Structure formats: C-alpha cells, structure tokens
Amino acid sequence: MSENTFTFSKENLATYNEYLTRYDDVESALLPTLHLVQEQNHWLSEDAINYVSTLMGIPAIKIKEVISFYDMFYDVPVGRNIVQVCTNITCSMYGGREIYQGLLHHYETSFLTPTRDGRISIQKMECLGACELAPCMRANNEYVGHLDLASAIHKIDELA
Ligand code: FES
C-alpha cells in the first residue's frame, strides 16, 4: 500500500468542511470534493484517492468508479491546462477532428499526455454542449468557438 502524501491545504480543508454543511449526507459532497482535490493536485492520484476515502469514509473503489464515469476527472497526470476539443458530429462537420489531430501534431503529444513543458493536455471530447460554436473547444473552463487550427493554437499559446 502506498503512503499517503496528499492532504488538503488548510484553505481547502475549510472549503471541504463547508461543502459538508450543504448536503444531507457525506457521499453527496464527493463530486465537489474531487474537483477540489484536482484543483490542488491537478489530477486524482492514488494517494489523493486514498486521502479522500479516509476523509469521507467512502471506499476507494467506489471513488474510482465515480472518477472513471466522468471525463472531467483525471486519474493520470495531466498538464496545467486542459484543452478539450470537440470531435462530435456537428463539430466534425466543420473540421473538429482535423483540429484535434492538428493540435496533437503541433504540440507533439497524444491524448491527455502532458506536453514536455507540462503546460497542456489535449483531450478529445464528445459534444461540449456548444454546437452553435462549432467547431469548438474548451480551454480550461472557457469555450472558444468557430475555430480553425491556427486560431486554436493561438488561444492555447495564451495559456500560462
Ligand atoms: S458537437 Fe461539438 S459542441 Fe456539440
């Protein structure tokens, strides 16, 4: 069993405790808690999952099931910035798949693998719910639409 090295910062522990006051049961606070872990740690490592398991009294296997269900949670190391490129039908009709492939090529990376400088991970997504912006991507939490490869790269290069 690996040693737990992840712990919430003082601020995040206070935020977690505040979450608990919003819900009737501890399990309902799991999703926001995982978001908080990811904010602090960038990804949901084994020791972070074990920490949450102990903190919340939820078996680690149950937490892993939740993580694998949602594509906004990462159980592998990712870059500081997440770029999600839509390759679903509407965006694909406007070149979404080519933009995704072009970005992987430009940044010399593959699905979710952080770029060598650790700045970016690029993720292929199903519909981002913004088809009117097709082809589109989400750079961290910002939607960017009507893309071509050059404008996607321009936007990504602005990320810290
Ligand atoms: S198909 Fe791309 S946002 Fe809906």
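Quick caveat, the model's predicted, so the values are computed rather than measured.
- By the neighbour-count criterion of 12 heavy atoms within 6.0 Å, atom CG of Asp25 is densely surrounded, having more than that number from other residues, nucleotides or ligands.
- Between Tyr51 and Ile49, every side-chain heavy-atom pair lies at or beyond the 4.5 Å cut-off.
- More than 12 heavy atoms of other residues, nucleotides or ligands lie within 6.0 Å of CG in Leu13, so this atom counts as buried by the packing criterion.
- Between Met72 and Ile82, every side-chain heavy-atom pair lies at or beyond the 4.5 Å cut-off.
- Around the CZ atom of Arg22, the shell of radius 6.0 Å holds more than 12 heavy atoms that belong to other residues, nucleotides or ligands.
- Residue pairs satisfying the salt bridge (charged side-chain N to carboxylate O under 4.0 Å, His left out) criterion with at least one member in residues 134-150, sequence neighbours excluded, are listed as follows: Glu142-Lys155.
- Between His42 and Tyr74, the gap from one ring centroid to the other reaches at least 6.0 Å.
- Rounded to the nearest 0.5 Å, atoms CD1 (Ile156) and CG (Leu103) are 4.5 Å apart.
- Between Cys136 and Leu128, some side-chain heavy-atom pair lies under the 4.5 Å cut-off.
- Salt bridge present: Arg119 and Asp157 bring a charged side-chain N and a carboxylate O closer than 4.0 Å.
- The neighbour count for Phe111 CZ, taken as heavy atoms of other residues, nucleotides or ligands under 6.0 Å away, is above 12.
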Evaluate the ring-ring contact (aromatic ring centres under 6.0 Å, His included) criterion for residues Tyr94 and His146: first the C-alpha distance (whole Å), next the side-chain angles of each, then the deciding distance (0.1 Å), finally the verdict. CA-CA 9 Å; Tyr94 292 94; His146 309 300; 8.5 Å; no
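- Using modelled atom types, one finds a donor on one side chain and an acceptor on the other under 3.5 Å when comparing Arg97 with Ser92.
- For the side chain to side chain donor-acceptor pair (under 3.5 Å) with Gln84, the lone residue among Lys124, Gln123, Glu126 that qualifies is Gln123.
- Side-chain contact check for Ser53 versus Ile58: every heavy-atom pair is 4.5 Å or farther apart.
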